[in-house]
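Below is one structure, written out as structure tokens; the observations come after it.
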Amino acid sequence: MTSQISKKGLEDFRRRQFAGPNVVCGSSDEILNNTATTTGPTKGLPDARRVIIHFDVDAFYAQVEEVRDHSLRHKPLGITQKYLVVTCNYLAREAGVTKLMAISEAKKKCPHLILVSGEDLTPYREASKLIYGALKIYGPAEKLGMDEVYVDVTREVQMRIDRGAMDNCWHGHVHCARNGVTSDNIHRPMDLRASAADPAVSQTGGAGAVETGCRLRLQVGTAIAREARAALARCPGFRSSAGVAHNKLLAKLVGGLHKPDDQTCLPADEASAFIAPLPVRAMAGVGYKTERQLQDAQITTVDQLRCLPLDQLSKLLGARVAQFLSEAARGRDARPVEEKGPPQSISVEDSFKACSCFSKVETVLRVLAPDLLRRLVQDKEEFGRRATTLRVTWRHQGAKRASCSSPMPQEVALQGMAVAHKVQAERPHAAGLPEMCSVDLRAVPLISSRGAHR
DNA sequence: TCAGGAGATAG
DNA sequence: CTATCTC
Ligand SMILES: Nc1ccn([C@H]2C[C@H](O)[C@@H](COP(=O)(O)OP(=O)(O)OP(=O)(O)O)O2)c(=O)n1
């Protein structure tokens, strides 16, 4: 009910500043005290010894289009899918356009907004590969979606320290929790921004005291992040933001604080005060449902989460989520950076004005099926894999999605139609019944066929 | 979740 | 298969 981070008014403005580190409980140095160890590439190292960088390309689709067509640069640009501006460049954002805004609204905010269709994701997938390739040279890398990459640079950091290849400089911003953070879009509390910096406490890089131990490791991490972002800007040609911290959770949380085209480091002793005032929804993993459940228990911020005993949290959210959140609320996150390899499924989907006539569904399937098959052929050429199962998912207006699977058929479109007919036959034919408004074809799992590669 | 489109993972 | 979450 109350205390939505999305409410209006003064009280909310204050809350939206997430600034006051009025930590209710928990010490301020959980991370340094943490003795948990991780598995994977840096297995055996205490959490605080890792150096993790989270990279996020700014306004990804928009930058891809700007690189493809230089005439789009220096103009407000929106990328569309159906009637949505799915993302836009930062010139458009200055004019008030936001991610996932309706085209009509975006045009009102910014009449000169240039629109480019982003319905074909192929160029973005290609760009994504280049980005990943450029970043993975710094250490084990994990791709999240198309434009984000975690890199565990612990070894690279250690190597530089061993060689004495340090410059004793902090690169980019070093976050100070006293400066607080906000969210520029009230509907997106996960997109954090640093509040106006207090010059007395803010730090924007440069040299200072000679650092040692964990601080030195992070400092070297900021040099690596700067180099990597410079490389990205030169070769594939994308500006990006980055977060440098001791684990994935914190690196991602601070990574966007000085977006666009800048980086932020979070020293271990700032972590607790930094996350305490954040809304729980800011943490990746806390979505719509979890936020609501926590709200029902009067929990909206991370420090409130800290105060709830684990067993009570488990009853609310289940043991797994509770365990993760309990750690996360204290700034701890032992999840390793994992190299995932190629995707395990390929899907194509289209939505349309609700329609029960089969001709529409058939028309859509006759486009989707060849699209899917093309991508499967490409995947086979690239990775020597094939799919065993076809899953058809559909949605009726106002209803939840439903799906059914079958062995991968010869004729994908025909299988889709068969499913559509079966679904229709099983529905009562009452007038005014909601009609189908989206279909999705998914090939899964993608497994190596014998004699592949090589 | 008001939308579009893709992918992962838990139960 | 469904629910939830992510970008
Ligand atoms: N619900 C979503 C979220 C993201 N994307 C796509 C469009 C984005 O360009 C890309 C990356 O998502 P981000 O959330 O990182 O957003 P941007 O990179 O566009 O902008 P920002 O500079 O805020 O990171 O993924 C999408 O299609 N649908």
Side-chain angles (χ1 to χ4, degrees), chain A residues 4-6 54-62 64 78-87 98-106 117-122 124-125 127-128 131 142-150 186-191 248-249 252 255-256 280-293 295 317-325 335 338 340-354 364 367-368 371-372 375 379 389-395 397-406 419 423 437-446:
Chain A
Q4 297 281 34
I5 28 186
S6 56
H54 174 260
F55 295 92
D56 184 342
V57 176
D58 302 324
F60 180 53
Y61 291 3
V64 172
I79 305 305
T80 63
Q81 281 168 352
K82 292 293 191 292
Y83 50 86
L84 276 182
V85 173
V86 61
T87 191
T98 67
K99 297 190 264 188
L100 302 177
M101 179 180 269
I103 290 175
S104 56
E105 195 184 345
S117 168
E119 306 215 347
D120 181 3
L121 301 184
T122 310
Y124 313 137
R125 288 197 188 92
S128 181
I131 291 160
E142 177 178 344
K143 212 153 95 82
L144 291 96
M146 281 191 283
D147 79 325
E148 295 183 18
V149 181
Y150 286 113
I186 56 180
H187 288 108
R188 295 187 63 86
M190 57 292 281
D191 289 353
K248 294 207 287 187
L249 177 85
K252 176 155 174 145
V280 290
R281 187 70 167 83
M283 293 189 293
V286 178
Y288 176 78
K289 293 286 187 184
T290 306
E291 179 188 35
R292 272 221 45 200
Q293 290 187 299
Q295 264 169 20
L317 305 173
R320 239 195 72 93
V321 175
Q323 187 66 57
F324 170 73
L325 285 186
R335 290 172 303 170
E338 287 179 301
K340 301 280 190 178
Q344 299 161 34
S345 69
I346 292 177
S347 67
V348 291
E349 157 181 14
D350 195 9
S351 63
F352 41 89
K353 199 179 323 175
V364 168
V367 175
L368 290 185
D371 279 358
L372 180 63
R375 293 197 53 204
D379 185 272
T389 305
L390 177 73
R391 177 186 302 183
V392 182
T393 304
W394 62 91
R395 194 165 74 83
Q397 203 171 32
K400 293 177 180 175
R401 265 184 251 278
S403 69
C404 75
S405 296
S406 63
V419 170
V423 167
C437 60
S438 89
V439 282
D440 174 325
L441 300 176
R442 175 176 307 245
V444 53
L446 292 161

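Predicted model only: the values in this text are computed from it and were never measured. Chain letters run A, B, ... following the sequence lines, proteins first, then strands; residues in each count from 1.
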Do A/Gln81 side-chain and B/dG4 base share a donor-acceptor contact under 3.5 Å?
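Per atom types, the contact qualifies.
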Measure from [atom1] on [X] to [atom2] on [N] and round the result to the nearest Å.
X	N	atom1	atom2	answer
A/Glu142	B/dT9	CD	P	9 Å
A/Arg292	C/dC5	CZ	C1'	17 Å
A/Tyr124	B/dA6	OH	P	12 Å
A/Ile103	B/dC2	CD1	C1'	14 Å
A/Leu84	B/dC2	CG	C1'	9 Å

Would you find more than 12 non-hydrogen atoms of other residues, nucleotides or ligands less than 6.0 Å from A/Arg125 atom CZ?
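For A/Arg125, atom CZ is crowded (more than 12 foreign heavy atoms under 6.0 Å).
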Salt bridge present between A/Asp440 and A/Arg395 (N-O < 4.0 angstrom):
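A salt bridge is absent here (no side-chain N lies under 4.0 Å from a carboxylate O).
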Return the nearest nucleotide to the side chain of [X]; candidates are [options].
X	options	result
A/Arg395	B/dG5, B/dG7, B/dA3	B/dA3
A/Leu121	B/dT1, C/dC1, B/dG5	B/dG5
A/Lys252	B/dT1, B/dG7, C/dC7	C/dC7

If you look at every strand shown and take non-hydrogen atoms under 4.0 Å, does [X] touch a base, only sugar-phosphate, or nothing?
X	value
A/Arg375	sugar-phosphate
A/Val286	sugar-phosphate
A/Tyr288	base

Any donor-acceptor pair under 3.5 Å linking the side-chain atoms of A/Arg442 with those of A/Ser345?
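A pair is found: one side chain offers a donor N or O, the other an acceptor, under 3.5 Å apart.
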Is there a side-chain contact between A/Met101 and A/Val86 (heavy atoms, below 4.5 Å)?
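No; the side chains remain at least 4.5 Å from each other.
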